[in-house]
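Step one of this worksheet: look at the structure below.
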Amino acid sequence: MVKNRRKFLKVSAFGVAAMSSFISLAADKEKKKKGKKVTKPIVISTWNHGLAANAEAWKILSKNGRAIDAVEKGVMVAEADPKVRSVGYGGYPDRDGNVTLDACIMDENSDCGSVACLQNIKHPIAVARKVMDETPHVMLVGNGAYYFAREKGFPHEDLLTAGSIRDWKNWLKEAKYKPVVNMENHDTIGMLALDAEGNMSGSCTTSGAAWKLHGRVGDSPIIGAGLFLDNEVGAVCATGLGEAVIRTAASTVAVELMRQGYSPLEACKEAIQRIISKHRNHPDRDHLQVGLLALNKLGEYGGFSIRPGFNFAVCDAIQNNRLEDASYEIK
Ligand code: ASP
């Protein structure tokens with residue numbers, strides 16, 4: 001079954017490759033008509049920790065490597081860093097003290113892989129890549145994802161650091177174990193790349209909302225919510241309150257807006273306004289935060305959030321690796 005699927009992908013890859021270079025060419029022409037040059041390769045990712053992740057991704061992109069490899073290896077830097085408290089090793093646990101991780105990855109052929117509520121594996125993004133490449137499925141969760149990862153050779157690791165245990169115990173004193181919306185600790189890494197061939201890929205990985213109910217899964221491993229892309233159009237990823245992003249399929253909405261001609265910034269803004277309007281009567285409305293990041297086929301990008309504070313890292317050959325503040329709706 002897996003073999004047949006791979007064979008099919010291999011055969012159809014010719015068609016897809018031919019089609020995507022055609023599309024890339026058309027996009028290049030369109031942009032040249034307007035007197036602009038297509039910016040590629042380029043990689044963008046959410047928050048400050050995006051800088052180190054971009055630097056890793058750039059090693060691949062700058063040597064004409066594939067976007068899919070760049071977005072996988074790039075976010076692994078944040079997953080391995082215990083100082084990044086919202087992703088991978090050292091991430092904040094759920095309210096029972098378990099670190100549970102969510103991740104997904106998507107390539108230029110719209111192939112994708114995802115894991116959710118994965119414990120004791122440091123690199124959920126690499127497991128998601130294996131789900132994509134080596135199974136006929138898109139998503140594995142919980143113990144199933146864990147056993148799959150172990151079968152593929154990923155080591156069992158304790159991801160709860162001393163710092164996370166301390167913070168969790170402090171939280172327990174104040175919060176009395178109540179499930180509450182926690183807006184201070186939403187810092188998923190989402191990464192989008194356009195490679196030298198003009199192909200796009202994206203990745204998203206997180207420990208999710210701090211102090212969540214055990215078993216809670218956010219938007220980050222959900223294709224269409226935390227991440228979506230269409231290689232003919234562009235790619236979008238999300239950070240912030242995952243429940244709000246899932247309710248509105250925000251990444252899909254923003255990709256579809258780009259298809260209609262919106263710039264990445266306009267698409268993010270419109271999708272954020274949609275989230276705000278859909279939560280007008282929601283109990284979370286007064287502290288709701290979501291940030292969206294988008295990249296289109298021409299290498300144009302933009303980020304927009306509900307409230308101030310969202311930033312993202314951009315790396316290309318022209319201006320190197322830098323941080324930019326996103327625009328926002330509620331001043
Ligand atoms: N979106 C993630 C989630 O809700 C959290 C985050 O962005 O930090 O799980």
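One-based numbering, in listed order, for ligands and for the atoms of each. Only this structure's heavy atoms are used, side chains among them; waters, hydrogens and symmetry mates stay out.
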Checklist entry - Taking atom types as modelled, is there a side-chain donor on T206 or S220 under 3.5 Å from an acceptor on the other? => result no

Item to check | Enumerated ligand 1 atoms positioned under 4.0 Å from heavy atoms of A209 | outcome: 9 (O)

Checklist entry - Can you find an N/O atom of A238 closer than 3.5 Å to an N/O atom of ligand 1? => result no

Item to check | Sub-4.0 Å atoms of ligand 1 with respect to non-hydrogen atoms of S220 | outcome: 1 (N), 2 (C)

Item to check | Contact check, G240 vs ligand 1, heavy-atom distance below 4.0 Å | outcome: yes

Checklist entry - Hey, what's the ring geometry for W47 with F310, parallel, tilted or perpendicular (30° and 60° as the breaks)? => result perpendicular

Checklist entry - R247 and H279: side-chain donor and acceptor closer than 3.5 Å? => result yes

Next on the checklist: List ligand 1 atoms under 4.0 Å from G208, heavy atoms only on the residue side.
Outcome noted: 9 (O)

Checklist entry - Has ligand 1 got any nitrogen or oxygen that is less than 3.5 angstrom from a nitrogen or oxygen of D102? => result no

Next on the checklist: Below a 4.0 angstrom heavy-atom separation, can you tell me which part of T239, side chain or backbone, both or neither, approaches ligand 1?
Outcome noted: both

Checklist entry - Is E72 paired with R129 through a side-chain N to carboxylate O contact shorter than 4.0 Å? => result yes

Checklist entry - Do H214 and D96 meet the criterion of a side-chain donor-acceptor pair at a distance under 3.5 Å? => result no

Item to check | Within-cut-off N or O pair, G242 and ligand 1, under 3.5 Å | outcome: yes

Item to check | Distance-only donor-acceptor check, side chains N231 and N199, under 3.5 Å | outcome: yes

Checklist outcome for this item: Besides L160, the hydrophobic cluster formed by Ile, Leu, Val, Met, Phe, Trp and Tyr side chains linked at under 4.5 Å, directly or via other members, contains Y89, V99, L101, L159, I165

Checklist outcome for this item: Numbered in order shown, the ligand 1 atoms found under 4.0 Å of a heavy atom of D187 are 6 (C), 8 (O)

Item to check | N/O separation below 3.5 Å, D219 to ligand 1 | outcome: yes

Checklist entry - Quick one: does R216 get within less than 4.0 Å of ligand 1, heavy atoms only? => result yes

Item to check | Geometric cation-pi criterion R85 and Y92, 6.0 Å radius, 45° cone | outcome: yes

